[in-house]
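Labels below follow one simple rule: chain letters A, B, ... track the order of the sequence lines, proteins then strands, and each chain is numbered from 1.
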Amino acid sequence: KAGVTQTPRYLIKTRGQQVTLSCSPISGHRSVSWYQQTPGQGLQFLFEYFSETQRNKGNFPGRFSGRQFSNSRSEMNVSTLELGDSALYLCASSASGGPVTEAFFGQGTRLTVV
Amino acid sequence: DAKTTQPTSMDCAEGRAANLPCNHSTISGNEYVYWYRQIHSQGPQYIIHGLKNNETNEMASLIITEDRKSSTLILPHATLRDTAVYYCIVRVASGSARQLTFGSGTQLTVLP
């Protein structure tokens with residue numbers, strides 16, 4: 001069974017640009033969550049999508065957005081990039097089949113803003 | 001979700017058991033204890049979770065004290081590949097990865 005796939009693995013962007021990251025969850029998983037990891041702040045929750053709807057959102061500015069498609073694939077977009085957006089962006093998928101389930105994380109996309 | 005306290009770092013000799021403690025003294029009755037680990041530059045990996053009984057799987061064992069205020073993750077025979085940051089997370093049951101609160105974790109270094 002294929003794991004969570006994130007593309008691209010590495011990305012370099014310039015301040016002010018926008019970027020779109022992609023996440024393909026494990027087949028059959030309907031929940032996709034996004035996290036940002038930086039050396040200073042650690043792992044922080046961005047948002048979660050379930051059945052194409054944003055179900056939860058972390059404490060990030062509106063420049064961070066996302067969506068989920070009918071096949072559960074998800075994208076996140078960051079507009080007007082700032083240097084501080086340089087981070088490892090991780091997505092996690094879950095089966096959501098019961099009250100307690102483990103999350104499976106992808107390898108992440110390392111974004112560098114210059 | 002309850003807050004957790006973990007040592008910043010620990011060393012363990014290869015082949016020995018690694019015992020990673022976690023304090024969660026404010027845990028609520030409906031909160032589970034989850035453990036994840038993150039090997040350098042990779043995504044976190046789920047290890048194990050439990051409510052109040054001790055749990056064991058192919059990766060590790062989880063020992064939860066009777067008052068549930070602390071727990072210990074045990075890697076029975078640590079290998080160099082177990083070198084990673086280990087996160088103890090306490091939260092209510094949820095069928096998703098949303099809003100997992102990762103603290104600073106414990107950097108476990110397995111020494112040859």
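The hydrophobic cluster containing Leu111(A) also includes Leu11(A), Val19(A), Leu21(A), Val32(A), Trp34(A), Leu46(A), Phe47(A), Tyr49(A), Phe60(A), Phe64(A), Met76(A), Val78(A), Leu81(A), Leu83(A), Tyr89(A), Val113(A), under a criterion of side-chain heavy atoms closer than 4.5 Å among ILVMFWY residues, counted directly or through chains of members.
Between Gln42(B) and Leu90(A) the shortest side-chain heavy-atom distance does not fall below 4.5 Å. Looking at heavy atoms from C-beta onward, Phe45(A) lies out of side-chain contact with Phe102(B) at the 4.5 angstrom threshold.
For Gln44(A), no part sits under 4.5 Å from any heavy atom of chain B, backbone or side chain.
Annotation: Asn59(A), atom CG; neighbour count of heavy atoms from other residues, nucleotides and ligands within 6.0 Å does not exceed 12. For CD1 of Ile39(B), the number of neighbouring non-hydrogen atoms (other residues, nucleotides, ligands) closer than 6.0 Å is greater than 12. Other residues, nucleotides and ligands place more than 12 heavy atoms under 6.0 Å from the CZ atom of Arg63(A). The environment of Arg81(B) atom CZ is sparse: at most 12 non-hydrogen atoms of other residues, nucleotides or ligands sit within 6.0 angstrom.
The minimum heavy-atom distance linking Leu100(B) with Phe105(A) is given by the pair CD1-CZ, 4.3 Å. In plain terms, the two heavy atoms of Gln107(A) and Gly43(B) that are nearest each other are OE1-N, 3.8 Å.
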